[in-house]
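Structure record follows, encoded as structure tokens.
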Amino acid sequence: TIRYYEDIGLIKPHRSDNGYRCFAEADLHKLAFLGRARALGFTIEDCRMLMALYEDESRASGDVKQLAQEHLSKIETKIADLQAMRDTLTELVQCCAGDNRPDCPILKDLSGRCSD
């Protein structure tokens, strides 16, 4: 992950003569910041924007809030989609006898065939 963040320019740690990365306190703080943002599901591009806003002391908090609100909306959409999938699958599981007979409403639904 650190190598990837370095490759895409999110962090730029100093390199010693032997090529090893030397992390300053600011680099460690950026890594923690990125880790927290990624844990909250922000994309790499969102992280890039958040990092730029964090480093811009003249930023407007409204810009940060807008980015976070857009991300929250995407999360809420995903949650709604997952709940709909759960509801459909729950219904299909309840309709299936789960016995030795070949008739299976789950497979019928997946195949797109209408139920009898």
Side-chain angles (χ1 to χ4, degrees):
T1 302
I2 293 172
R3 181 178 292 144
Y4 176 66
Y5 289 161
E6 185 178 12
D7 288 345
I8 64 173
L10 281 175
I11 60 167
K12 296 176 181 135
H14 173 73
R15 292 276 183 166
S16 63
D17 292 338
N18 62 6
Y20 289 113
R21 292 178 195 87
C22 296
F23 293 99
E25 189 68 29
D27 296 320
L28 296 175
H29 183 73
K30 284 182 181 181
L31 285 171
F33 182 98
L34 291 168
R36 179 76 174 129
R38 294 293 286 152
L40 289 172
F42 284 100
T43 66
I44 292 295
E45 276 312 305
D46 288 343
C47 289
R48 189 180 307 278
M49 292 170 55
L50 286 167
M51 184 70 70
L53 288 165
Y54 178 76
E55 292 174 340
D56 179 5
E57 293 182 9
S58 65
R59 70 185 166 268
S61 65
D63 294 338
V64 180
K65 183 176 182 174
Q66 180 181 351
L67 183 62
Q69 185 61 53
E70 289 170 4
H71 182 58
L72 182 59
S73 293
K74 290 176 190 173
I75 290 172
E76 289 169 346
T77 298
K78 285 181 185 179
I79 289 171
D81 291 345
L82 287 169
Q83 287 173 333
M85 288 184 337
R86 181 194 61 208
D87 293 346
T88 299
L89 192 53
T90 297
E91 182 180 335
L92 290 172
V93 167
Q94 289 173 348
C95 290
C96 183
D99 55 18
N100 292 332
R101 294 178 293 168
D103 183 47
C104 179
I106 299 169
L107 294 176
K108 280 184 183 175
D109 184 84
L110 293 174
S111 71
R113 292 183 8 216
C114 295
S115 299
D116 296 330

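Shown here are the ring-ring contact (aromatic ring centres under 6.0 Å, His included) partners of F23, two or more places apart in sequence or in another chain: there are none. Applying the side chain to side chain contact (heavy atoms under 4.5 Å, CB included) criterion to D81, with sequence neighbours excluded, gives T77. In this structure Y5 satisfies the ring-ring contact (aromatic ring centres under 6.0 Å, His included) test with no other residue, sequence neighbours excluded. For R36, there are no side-chain hydrogen bond (donor to acceptor under 3.5 Å, both in side chains) partners two or more places apart in sequence or in a different chain.
Checked by atom type and distance alone, the side chain of H71 never pairs as donor or acceptor with a backbone atom of D46 at under 3.5 Å. Counting only distance, with no hydrogens or angles, the side chain of D27 and the backbone of A24 share a donor-acceptor pair below 3.5 Å.
Note: the hydrophobic cluster containing L50 also contains L28 (ILVMFWY, side chain heavy atoms under 4.5 Å, direct or indirect links). When the side chains of ILVMFWY residues are joined at heavy-atom separations under 4.5 Å, either directly or via intervening members, L67 and Y54 end up in a single hydrophobic cluster. Hydrophobic clustering, with ILVMFWY side chains joined whenever heavy atoms are under 4.5 angstrom apart, groups Y4 together with M51.
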Give every donor-acceptor pair under 3.5 Å between a side-chain atom in residues 86-97 and any protein atom, sequence neighbours left out.
{"from": "T88", "atom 1": "OG1", "to": "A84", "atom 2": "O", "distance (Å)": "3.1"}
{"from": "T90", "atom 1": "OG1", "to": "R86", "atom 2": "O", "distance (Å)": "2.7"}

Under 3.5 Å, sequence neighbours excluded: what are the donor-acceptor pairs made by side chains of residues 7-15?
{"from": "R15", "atom 1": "NE", "to": "E6", "atom 2": "OE2", "distance (Å)": "3.4"}
{"from": "R15", "atom 1": "NH1", "to": "G19", "atom 2": "O", "distance (Å)": "2.5"}
{"from": "R15", "atom 1": "NH2", "to": "E6", "atom 2": "OE1", "distance (Å)": "2.9"}
{"from": "R15", "atom 1": "NH2", "to": "E6", "atom 2": "OE2", "distance (Å)": "3.2"}

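Considering CG of D56 and CE of M49, their distance stands at 12.5 Å, rounded to 0.5 Å. Taking OG of S58 as the reference point, atom CG of L53 lies at 9.5 Å (rounded to 0.5 Å). Between atom CD1 of residue I2 and atom CG of residue L31 there is a gap of 5.0 Å, rounded to the nearest 0.5 Å.
In summary, D103 and R101 do not engage in a salt bridge, as defined by a charged side-chain N under 4.0 Å from a carboxylate O.
Within 6.0 Å of the CD atom in E76, the count of heavy atoms belonging to other residues, nucleotides or ligands exceeds 12. For N18, the CG atom sits in a packed shell: over 12 heavy atoms of surrounding residues, nucleotides or ligands are nearer than 6.0 Å.
Of all heavy-atom pairs spanning C47 and R38, the tightest one is SG-CD, 3.6 Å.
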